[in-house]
Amino acid sequence: MTDVTDRQQLNYIAAQAADARVNLELETEGMTLNIGPQHPATHGTLRIVAKLDGEQVIAADPVMGYMHRGYEKLTEVRTYPQVTTLINRIDWLGSFANEVPFILAAEQLMEVEAPPRAQWIRTILFEMSRIANVVLFLGDVAVQVGAVTPAFFAFRDREHILNQIEAVTGGRFHPNFDRIGGLKDDLPAGWVAETKLVMKKMRRFCDEIETLVFGNEIFEARTRGIGVIPADIGLQYGLSGANIRGSGVDWDVRRDQPCGLVYDQVDWKVWTHPDGDSFSRCWVRLQETREATKIVDQLLDTIPAGPVMAKVPRIIKVPAGEAFVETENPLGVMGYYVISKGDLVPYRVKIRSASFNNMSITPWLLKGVYVPDIITILASLYFILGDIDR
Amino acid sequence: MSLLAELSYWQQTSLRVVGGLAGVLLVAGTLVYLHLFKMVSFMQSRLGPMEAGPFGSLQLLAEVGKHLQKEDIFPRKADKFVFAAAPFVILSSTFLLVVVVPAGPDAWFISNDLGIYLAMAVSSVSVIGILMAGWGSANKYSLMGGLRATGQLIAYELPLILAVVGVVIQAGTMNMQGIVAAQAEGEIFGWGGIGNPYILTQGVAFLIFMIAMQAELTQAPFDMPIAESELVSGYMTEYSGMRFLLFFIGEFATAGVFAAVAAVLFLGGWWAPIPGLEFDDNVWNLLGPLLLIGKIVVLTFIVFWVRFTFPRFREDQLQRLAWKFLIPLALANIVVTAILKVWI
């Protein structure tokens, strides 16, 4: 896989050398272009300082932190149950998924296990927030390439998922539903049948996107062979989720280290794509959405009866110790390292969010590409600024 | 004896100017309403405008009112004259295009034997307007948009003109009215039942013309100069209020006018390919504009359908399409047309 990198870099050097002679004659000077912090392609306040030679990027540096909210410190002054209100705002599009690893870490420290029904519902909601998140990506990646219509379809169909999440949790964006030892409530009546219909709609949406976006020649021309991440380089930069699976690395925390969620109870597949380019990252996400609907369908069929809350004390004091739990969030691997000193509040929480690491490869990846490709590559890396500037 | 010929010259001229202005603006407004507001809303599962007027038909007027109230902002380092003049240069190219488009036997501005040549020439003036906007804005995004537009518009000018050459050879005239007449009186391999709308014999040229027209209008998939997700609307970035709306209306008006040119060249303009259709010139003067508008609506529907469905090319891919594919194809079309013209 390394020779791909070498070739990319060599091509760039060769192009530079060829241009150098022309530049000597024409004296073209570089231009610094600030993409962001308020650029439509950056989903928030990311700033990329790009040095351009014509339309080719010589160097690109992401500047982060315009929206820093200090969550790691804020958790230290909040009791354990209060922390979920904060952390589900980290990745605001798949918010339920942010709560789960923290709660699991706290449960590990307290040596509590949620009852089976709670684990099932947790996994269902986890996968539904993945769908809600990635559906928006599938619409958005088309917008970044210049087609607006799929984004409207994405917003239209995400509504169904959000309605179902709202019906259970009462919150559309910030459910705040996970509790140490289980869940706040049980499912409402009739929810299972309705969710099955919604899953069918989501599969139809995936088919629609596949024909409208992935089947389009221009989309393929814009994304195939663009922004190639070889597997070893991707692993060095700490990429995770669909970004690394798009480079052919068969690594999924859901399957490899299942912790507290019931992925071992269903029949599903981890999708990978060998190419490592922008297209393969998008394609892997599309397949993951399909797979998630299948997981939800199977879990809805096998959901066990029983309580949704284990016996936990009313005032939660977590025994001293350390725990690190990571889950496969919509954007990649998200982990919480929780240190407790036996207080009501955590002593220290370190958040390992997926987008921050996924972002780290951009200076390497953007070198030598053209300005329009900056946008497609950023779109295919898929970051949420809240997940970067946490 | 036609109706207009009985009027004196100044009466004819003023009628034509009023008719032309109304024609361009009404058609542009209709297209904005039909395609941008209603058709696209339907395609994108949105509601679209509903409140202003019946079915939201007065929405465009409301927008004009809104934009007129807005402050006319100039960037501090902008080249003020160039910045202010740019939208008008683009609009003037649109209005000049209409001059040679016939909407009926008498319903047109000038009878020029170089009609289509003039149309192609003035259509390229909009490049200057876009470059002025990009340069005058003192904005890096705008500058890149302007330069991209220049490269693109110059590249697609060629297939556009070469596609027209085939029609000109077949019709034997550059006069737009002559081209309509040639289609009305034409024969397809000896059979003259429905005349010869050139879309049948110049189908390749029609496809090339439509693709190049899409690029000339800077509509997706050729909207690199605007590229709202990359260049933040490119050369339009710094424009606000009425000047922005002028660009916006110019875009739709140009789409309508180019569609009119395409309708004249390939679909027979104001004439309808129905066997045994014989009308007095006065009837054609009334029917013709309606037929032409119908054809414009159909053609612009295709333009906007593509615009709202397709993603955007990259600059080098776009140039490759023009230089390596469209231009050779157009040249081949000319050769084949010329050979058939001489031998048949």
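Scope of the values below: all heavy atoms of this structure, side chains included, with no hydrogens, waters or symmetry mates. Letters go in sequence order (proteins before strands), and every chain restarts at 1.
One distance of note links CG of A:Asn34 with OH of B:Tyr141; it measures 7.0 Å at 0.5 Å rounding. Remark: B:Gln44 CD to A:Arg156 CZ distance equals 10.5 Å, nearest 0.5 Å.
The environment of B:Lys140 atom NZ is dense: over 12 non-hydrogen atoms of other residues, nucleotides or ligands sit within 6.0 angstrom. More than 12 heavy atoms of other residues, nucleotides or ligands sit less than 6.0 Å from atom NZ of A:Lys196. Atom CH2 of B:Trp135 has 12 or fewer neighbouring heavy atoms from other residues, nucleotides or ligands inside a 6.0 Å radius. For A:Lys51, the NZ atom counts as loosely surrounded, since its 6.0 Å shell holds 12 or fewer non-hydrogen atoms of other residues, nucleotides or ligands.
Take B:Gln317 and apply the side-chain contact (heavy atoms from CB on, under 4.5 Å) test, not counting sequence neighbours, and it matches A:Ala221, A:Arg222, B:Phe313, B:Arg314, B:Arg320. Applying the side-chain contact (heavy atoms from CB on, under 4.5 Å) rule to A:Tyr66 yields the partners A:Pro37, A:Thr45, A:Arg47, A:Val63; only residues at least two apart in sequence or on another chain are considered. Checked against side-chain contact (heavy atoms from CB on, under 4.5 Å), B:Pro328 has no partners two or more places apart in sequence or in another chain.
Using a 4.5 Å heavy-atom cut-off against chain B, the contacting residues of residues 205-216 of chain A are A:Leu212, A:Asn216.
The greatest number of non-hydrogen atom pairs below 4.5 Å with chain A, out of B:Met43, B:Arg148, B:Arg307, is found for B:Arg148.
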Show the numbers, then the answer: is there a side-chain contact (heavy atoms from CB on, under 4.5 Å) between A:Leu52 and B:Met144? CA-CA 11 Å; A:Leu52 303 181; B:Met144 279 174 75; 4.1 Å; yes
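Side chain of B:Ser45 to backbone of A:Phe153: no donor-acceptor contact under 3.5 angstrom is found.
Here the closest heavy-atom approach between residue B:Arg312 and residue A:Gln144 is recorded as NH1-O, 4.0 Å.
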